[in-house]
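Structure first, commentary second.
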Amino acid sequence: MTDVLNPAVHHGHDDAHDEHHGPTGILKWLTTTDHKVIGLSYTITAVLMLVIGGLFAEIIRFQLATPDGHLVSLAQYNELFTMHGSVMIYLFAGPFAFGGLPNIIVPIQIGAPDMAFPRLNALSYWLYLTGSITMLSGFFTSGGAANFGWVAYAPLSNAVNSPGAGADLWIGGLLLTGFSAIFTGVNLCATIFYLRAPGMTLFRMPVFTWNLLVTAILILLAFPVLTAGLIMLYCDRHFGTHIFSVQGGGVPVLWQNIFWFWGHPEVYILALPFFGIVTEVIPVFSRKPVFGYKGMIFATMTIAALSLGVWAHHMFTTGTVLLPFFSFMSLLIAVPTGIKIFNWIGTMWRGQIWFSTAMLMAIGFVVTFLIGGLTGIYLASPPLDFFTHDTYFVVAHFHSVVMALVLAGMAGLYYWGPKITGYILHEGLGKIQFWFLFIGTQVFTLPMYLLGLYGMPRRMAVYPHNPEWQHLNEIATLGAIMIGISTIVFVINVGYSWKKFPAGDNPWDGHTLEWFTTSPPPHHNFYRLPQIRSERPTWDYNHPEHKALEHGKHEESHA
Amino acid sequence: MDTPALPPQGAANRPRGWRRYRRFVALPLAALALSGCTLPTFGVSKGATTSSASVFHLWQWFSLAAAIIGAFTVVLIVWAVLRYRRKGEAIPEQTQYHLPLELIYTIVPLLIVIGLFAASMVVENKEVANPTNNVQVNVNAFQWGWKFSYPGSDVVVIGETTQDPVMVIPVNTNIHVILTSTDVVHGFYVKAFNFSRFALPGVTNDFTLRPTQTGTYFGQCTQLCGLYHSLMFFKVRVVSQSDYQSWLAAHKNVALYNASTKITDQQLSTLVATKYTGTTGEH
């Protein structure tokens with residue numbers, strides 16, 4: 001296996017030979033341990049979940065377009081927003097962020113033939129798929145799906161207040177996907193620590209891979225806590241324990257502490273991989289190295305460390321947490337996040353920006369994330385959180401953030417799609433999709449900030465006392481429709497571009513190792529590797545006269 | 001840094017330049033510092049209590065900071081996008097580090113968040129302070145309504161969902177609210193007070209508010225609490241001290257005010273079903 005990594009050795013491999021490695025078609029999909037196939041399965045499943053969660057969102061937005069919406073009943077509405085949040089966070093954003101693209105790209109970026117534990121990797125995917133089906137199957141039970149919100153606050157989530165199989169299926173599904181995440185975390189850590197090609201030192205790893213390493217460590221720290229909490233919740237529901245119930249001497253707020261001890265690192269478990277995508281896309285399409293590479297990694301590590309100490313900012317209004325500590329830790333996160341935003345701008349500065357769809361999506365991410373980040377600073381201040389907590393201001397804040405992540409995810413699909421499939425997506429359709437998605441996101445989120453300030457609480461199926469909220473709700477619904485259209489354009493684009501525009505090995509003049517191999521890469525990824533002397537080995541190979549400059553140095557031709 | 005040599009008259013010109021510059025910076029800042037009222041409201045109102053006013057001013061300062069930082073960053077992004085469009089196949093200079101610049105955008109945000117933290121703490125300490133309290137109201141939240149009881153007066157107000165129970169309190173008085181929940185987590189939220197607090201089962205929460213304006217203010221549960229969460233309304237009526245005393249006297253020893261008895265689940269379902277579901281309310 002080691003000679004695969006050796007740049008000096010040319011293998012006699014060819015595509016025909018690779019075909020002999022295993023079965024094809026559906027059997028290949030069912031039995032594969034190839035990280036590229038698993039990663040693609042992950043990505044397709046996650047995008048499907050995005051569509052399902054998006055459909056729930058559209059129903060919610062149509063219900064709220066009038067103060068007395070009759071589209072769904074109060075009970076159905078509770079199920080819809082619970083499953084919208086659950087599908088988007090647990091079944092789309094997470095698996096897409098650390099199971100989909102990273103599964104395909106991380107091993108290739110570090111010059112590895114596969115993930116460290118290929119069969120564990122396959123297990124991760126199957127746990128994720130079965131967990132997703134389990135959670136969604138709640139809709140087919142007589143009591144309906146889970147209806148206690150995606151945070152499942154005790155004691156609303158106990159057997160008395162939420163009887164029925166839907167809640168149990170929700171817990172079971174989340175346990176399964178939680179284990180899937182933990183196994184992926186183990187796999188990413190082992191792969192990145194042990195399977196790097198010769199020359200690929202830690203500080204020559206691309207920022208995407210760095211972010212996934214930090215994400216994987218966060219997964220290992222945070223997800224077991226959620227798993228433990230879910231088992232406690234299940235025991236409370238069925239085995240007569242009283243961990244979260246006052247009657248038996250338990251503490252309901254304990255659930256909030258456990259949940260958010262996982263839940264806030266989870267925000268960055270979701271976000272860091274998307275930051276990584278953007279940090280790959282912006283340098284390539286600006287034709288410059290990432291600005292402040294080491295500062296970027298330092299910022300990622302700082303965010304991860306701080307994220308473990310901010311969970312109680314979700315609990316300011318409980319009156320049971322130490323406000324100054326959690327407030328200051330939360331505010332501090334703004335600093336490394338700001339570093340990242342300025343580094344992205346610094347990368348574009350004096351570059352030669354190519355506005356491909358991937359680049360537009362990445363810039364759209366930076367702008368949208370800026371809005372979500374700035375409004376997050378308000379929420380880190382306890383007095384401001386007291387009056388915006390559980391209002392649409394919070395809903396708008398995290399939708400700015402997650403819609404920014406969707407933009408970044410789309411950037412990743414347009415950027416790496418050609419590498420994964422061998423074919424480029426149509427750029428014109430991609431740009432139509434971008435404008436619908438970007439403008440739709442702002443039309444969708446900005447009115448919700450105002451609704452929150454005007455006093456509209458979240459999770460309201462109707463607002464009979466406040467017809468004055470209707471106009472802003474209508475605008476938000478219009479934004480949701482635009483986002484829906486962008487998704488349809490994406491699906492059309494995938495269909496239209498199917499095996500139509502061959503990409504070649506390196507369509508974007510990429511920087512990292514995945515652009516050195518073929519599109520799609522062969523079994524075990526490489527026939528040969530270039531010398532790895534920086535975080536941009538492919539660029540160094542293609543442009544030996546344009547290496548990254550140290551501070552204060554200028555290229556000789558400019559001197 | 002290659003600083004260009006100063007022209008001969010440079011030293012004489014510089015203070016004049018600085019004065020001109022200083023005027024542009026100092027005047028608006030001084031104006032802002034003199035009165036928070038000159039700032040835009042940024043969508044929030046002063047509210048009807050003493051702490052809602054200080055929260056409002058904190059909101060203004062946060063918004064000002066966010067607006068300046070946001071505008072600055074957006075201008076940088078737009079400038080980069082417009083100015084550095086790809087014009088040919090030339091490869092730009094491969095700049096990767098600029099340590100002084102990186103330090104600036106680490107340290108300046110750090111100072112800003114320290115300032116925001118300090119401002120937050122000043123307001124928060126005021127808000128959670130425990131001054132001498134004049135009137136105590138026990139607020140109990142349940143699925144799906146509110147009970148307001150006035151210890152020592154035997155006055156109890158109960159109401160569910162759209163019955164909108166009213167909490168009556170006197171103006172310019174420190175009101176000590178003791179907040180509890182009988183079943184699940186609820187959120188006590190009055191928009192006009194710029195404030196909310198969870199009602200937790202098994203935990204007794206308390207806070208003090210001092211209303212400054214009479215009037216009726218709308219409140220509702222903000223924390224998802226089950227089927228009729230959307231309809232868990234209440235009102236707060238702030239009245240003059242004398243009106244408060246007569247209200248108390250009128251309702252002394254009246255155990256239940258708004259609702260004659262706690263309505264049954266069946267009545268509740270029917271009440272809601274007729275208006276919001278068109279079905280039996282079960283599903």
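Letters A, B, ... mirror the listed sequences (proteins, then strands); counts begin at 1.
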Interface moiety of B:Ser45 toward chain A, non-hydrogen atoms closer than 4.5 Å: neither

Criterion side-chain contact (heavy atoms from CB on, under 4.5 Å) on A:Arg287 and B:Arg86, from CA distance to verdict: CA-CA 9 Å; A:Arg287 299 198 109 178; B:Arg86 188 167 296 189; 2.8 Å; yes

Distance-only donor-acceptor check, side chains A:Asn78 and B:His229, under 3.5 Å: no

Check against side-chain contact (heavy atoms from CB on, under 4.5 Å), A:Asp509 and B:Glu89: CA-CA 11 Å; A:Asp509 197 3; B:Glu89 283 309 300; over 6 Å; no

Structural part of A:Phe285 lying under 4.5 Å from a heavy atom of chain B: backbone

A:Thr347, part contacting chain B, at a heavy-atom distance under 4.5 Å: neither

Sub-4.5 Å side-chain heavy-atom contact between B:Lys191 and A:Asn466: no

4.5 Å side-chain heavy-atom contact, B:Thr106 and A:Pro336: no

For the student: nearest non-hydrogen atoms of B:Ser230 and A:Leu74, plus distance: OG-CD2, 4.3 Å

B:Tyr189, part contacting chain A, at a heavy-atom distance under 4.5 Å: side chain

A:Thr388 portion near chain B, given a 4.5 angstrom heavy-atom threshold: side chain

Side-chain heavy-atom pair A:Phe291, B:His98 within 4.5 angstrom cut-off: yes

Heavy-atom proximity to chain B below 4.5 Å, by part of A:Ile377: both

Structural part of A:Ala548 lying under 4.5 Å from a heavy atom of chain B: both

Which portion of A:Leu370 sits near chain B, non-hydrogen atoms under 4.5 angstrom: side chain

Side chain, backbone, both or neither of A:Phe393 within contact of chain B (heavy atoms, under 4.5 Å): side chain

Test item: A:Pro383 and B:Lys126 side chains (from C-beta on) under 4.5 Å apart, heavy atoms: no

Closest heavy-atom pair and its distance - A:Pro464, B:Leu231: CG-CD2, 4.2 Å

A:Trp539 versus chain B, the contacting section by heavy-atom distance below 4.5 Å: side chain

B:Tyr105 side chain near A:Asn343 side chain, heavy-atom distance below 4.5 Å: yes

Minimal non-hydrogen separation, A:Tyr378 against B:Ala66, with atom names: OH-CB, 3.8 Å

Chain B contact via A:Ala299 - side chain, backbone, both or neither, heavy atoms under 4.5 Å: neither

Under 4.5 Å from a heavy atom of chain A, the part of B:Val81 involved: both

Region of A:Thr391 that comes under 4.5 Å of a non-hydrogen atom in chain B: side chain

Residue part contacting chain A, namely of B:Gln223, when any heavy atom lies under 4.5 Å: both

Stepwise side-chain contact (heavy atoms from CB on, under 4.5 Å) test for B:Phe193 and A:Phe387: CA-CA 8 Å; B:Phe193 296 169; A:Phe387 97 92; over 6 Å; no

Non-hydrogen atoms of B:Ser120 and A:Ser381 that approach each other most closely: OG-OG, 2.7 Å

Heavy-atom check, side chain of B:Gln220 versus side chain of A:Met460, under 4.5 Å: yes

side-chain contact (heavy atoms from CB on, under 4.5 Å) evaluation trace for B:Glu124 with A:Leu323: CA-CA 9 Å; B:Glu124 182 202 299; A:Leu323 299 175; 3.4 Å; yes

Chain B contact via A:Ile371 - which portion, at a heavy-atom distance below 4.5 Å: neither

Heavy-atom contact with chain B under 4.5 Å, split by part of A:Tyr153: side chain

Segment of B:Asp206 engaging chain A (4.5 angstrom heavy-atom cut-off): neither

Under 4.5 Å from any heavy atom of chain A - which part of B:Leu200: side chain

Residue pair A:Lys294 / B:Tyr97, side-chain heavy-atom distance below 4.5 Å: yes

Test of ring centre spacing under 6.0 Å for B:Phe198 and A:His389: yes

Per-residue contact mode, B:Asn194 against chain A (heavy atom under 4.5 angstrom): both

Region of A:Phe355 that comes under 4.5 Å of a non-hydrogen atom in chain B: side chain

Residue, of B:Phe117, B:Phe188, B:Phe42, that accumulates the most heavy atom pairs under 4.5 Å with chain A: B:Phe117

Heavy-atom contact with chain B under 4.5 Å, split by part of A:Asn147: backbone

cation_pi(B:Arg197, A:Phe386) dist<6.0 Å, angle<=45: yes

Passing candidate, side chain to side chain contact (heavy atoms under 4.5 Å, CB included) with A:Leu331, options B:Val113, B:Leu110, B:Ile112: B:Val113

Side-chain heavy atoms of A:Leu453 within contact of B:Trp59, under 4.5 Å: yes

For A:Lys288 against B:Pro92, the heavy-atom pair lying closest together: CG-CG, 3.8 Å

Set of residues satisfying side-chain contact (heavy atoms from CB on, under 4.5 Å) with respect to B:Ala141, sequence neighbours excluded: B:Trp146, B:His186, B:Ala199, B:Met232

B:Arg210 atom CZ, neighbour heavy-atom count above 12 within 6.0 Å: yes

Heavy-atom pair of closest approach, residues A:Leu374 and B:Gly70: CD1-CA, 3.5 Å

Residue pair A:Arg536 / B:Gln96, side-chain donor-acceptor N/O under 3.5 Å: no

Which atoms of B:Val55 approach chain A - backbone, side chain, both or neither, heavy atom under 4.5 Å: both

